[in-house]
Amino acid sequence: MTDAFENLAAAPLRGLAAYDPGHDLEALRARHAARGLVELGSNENPWGPSPAALAAAREALAGLHRYPDPRGSALRQALAARHRVAADAIVLGNGSHELLMLAAQVFAGPGDEVVVSRYGFAVHALAARAVGARVVTVDALPEQGPAPFGHDLEAMAAALGPRTRMVYVCNPNNPTGTWFPPARLEALLERLPESCVLVVDEAYAEYLDAAASVLDAFAGHPRLVVTRTFSKAYGLAGARVGYAIAHPGLAGLFERLRESFNVSLPALAAATAAVGDPGYVEDVRARNATERAFLAAGLRARGMTVVDSRTNFLLCRLGVHCARIEAGLLERGVVVRPMAGYGLPQHVRISIGRREENAALLDALDRVLESLPC
Ligand SMILES: Cc1ncc(COP(=O)(O)O)c(C=O)c1O
């Protein structure tokens, strides 16, 4: 019977596994309702959105019987001003996940090649496979080096061929937390075939100390797409808003496929207000840096290897007992993200929480480690 359903799927979807969103959080929240669940698995912002964004979302609810602005003009104008590009260089998405999937539909198809990095964000390869493209996975940098598991840009450039239609790069990268100076993309852009587009996923860019985007050096490049999100530093993961910045010619191709009301009314209002409150994001960045240092030091003091991170999460090697430790943490109401699906079975990814959440994680870890056989 399963085969019968499988055969109904379009050819590229056969055998494709759905994106794994991690644990069933609703069930876990119910189970740990008494003491509260410590949620450090999804790289959200534990301090939430700017009060201005929340107020704008609430105000927008009065108009919920109307469709949202299909063009998202106010938000696109605010973003265009912020990034110093034209409004028609901005494409809005129902989260940047949607835009990453759309990018593959726009630029690639059966028989084409899409280059990704091993340990790059899982959605990139999924998006390419879903359109029937062949995924060329380039080995990452070695664990013992300055950017453990990070993108090997030279090897990615060397993997470009006549059939390559897209390259996905994630900077800073999820799940490794590694980052490279965007100017280093110059060589890749120079070697990019005429028929190939570079997609740079900058979901965590707001966490960088100095605003450093590939847009600084290469904005307006005719084959560059940059994706950003309101789900991380802006604290609006539940609103579902992301955007792409691209040459208007490329943005126009996205518009052909974009569902016209893909961003909801409260989400548009919240995101527009959030862009107008840059001080809040700066505050989040500073708090995140303090807590990241606290958590990394706590994990290292317990003998764990932690990859230096430029983001709001840490890739942490728990070792051979990783699965048991992760299960023990969950038992104690602490959620982190297992990394076996990424081919890193001894690692977990831990989002930076508020101080009490980070302390609760370290405390639970101590108790789980005590319970392990020596
Ligand atoms: C690197 C990266 N890109 C994109 C996304 C998608 O985020 P959203 O769809 O919430 O914008 C995520 C979410 O975790 C991510 O880590």
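FYI, side chains are in, hydrogens and waters are out, and symmetry mates aren't considered; it's all heavy atoms of this structure. The model shown is predicted, which means the values in this text are computed figures rather than measured ones. Counting convention: from 1, in listed order, for ligands and their atoms alike.
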Tell me: protein heavy atom nearest atom 12 (C) of ligand 1, and distance?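 Going atom by atom, the protein heavy atom closest to atom 12 (C) of ligand 1 ends up being Phe121 CZ, 3.4 Å.
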
Specify the protein heavy atom at minimum distance from atom 7 (O) of ligand 1: its residue, its atom name, and the distance to 0.1 Å.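 So the nearest neighbour among protein heavy atoms is Ser96 OG, 3.5 Å.
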
Salt-bridged, Arg184 to Glu154, with N to O below 4.0 Å?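 Yes, this pair counts.
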
Cys170 near ligand 1 by a heavy-atom separation under 4.0 Å: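 Checking ligand 1 against Cys170, which is what was asked, there is a heavy-atom contact under 4.0 Å.
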
Below 4.0 Å from ligand 1: does a non-hydrogen atom of Gly242 turn up there or not?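 It does not, in that no heavy atom of Gly242 comes within the 4.0 Å cut-off of ligand 1.
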
I'd like to know whether the aromatic ring centres of Tyr67 and Phe261 sit less than 6.0 Å apart in this structure.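 Yes, ring centres under 6.0 Å apart.
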
Is the Phe149 to His347 ring centre distance short of 6.0 Å?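 Under 6.0 Å, so yes.
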
Is the shortest N/O to N/O distance between His97 and ligand 1 below 3.5 Å?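 There is such a contact, yes.
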
Would you say ligand 1 has an N or O under 3.5 Å from any N or O of Asn94?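 Looking only at distances, the answer is no, because the N/O contact criterion of under 3.5 Å is not met.
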
Closest to atom 13 (C) of ligand 1 (judged by heavy-atom distance), picking from Arg240, His124, Lys232: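 Of the listed residues, Lys232 has the closest heavy atom.
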
Which ligand 1 atoms does Ser231 reach within 4.0 Å, using its non-hydrogen atoms?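 That gives atoms 8 (P), 10 (O), 11 (O) of ligand 1.
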
Which atoms of ligand 1 sit under 4.0 Å from any heavy atom of Tyr204?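 Taking each heavy atom of Tyr204 in turn, ligand 1 has 1 (C), 14 (O), 15 (C), 16 (O) under 4.0 Å.
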
Would you say [atom1] of [X] has more than 12 non-hydrogen atoms from neighbouring residues, nucleotides or ligands within 6.0 angstrom?
X: Arg287; atom1: CZ; result: yes
X: Glu59; atom1: CD; result: no
X: Arg71; atom1: CZ; result: no

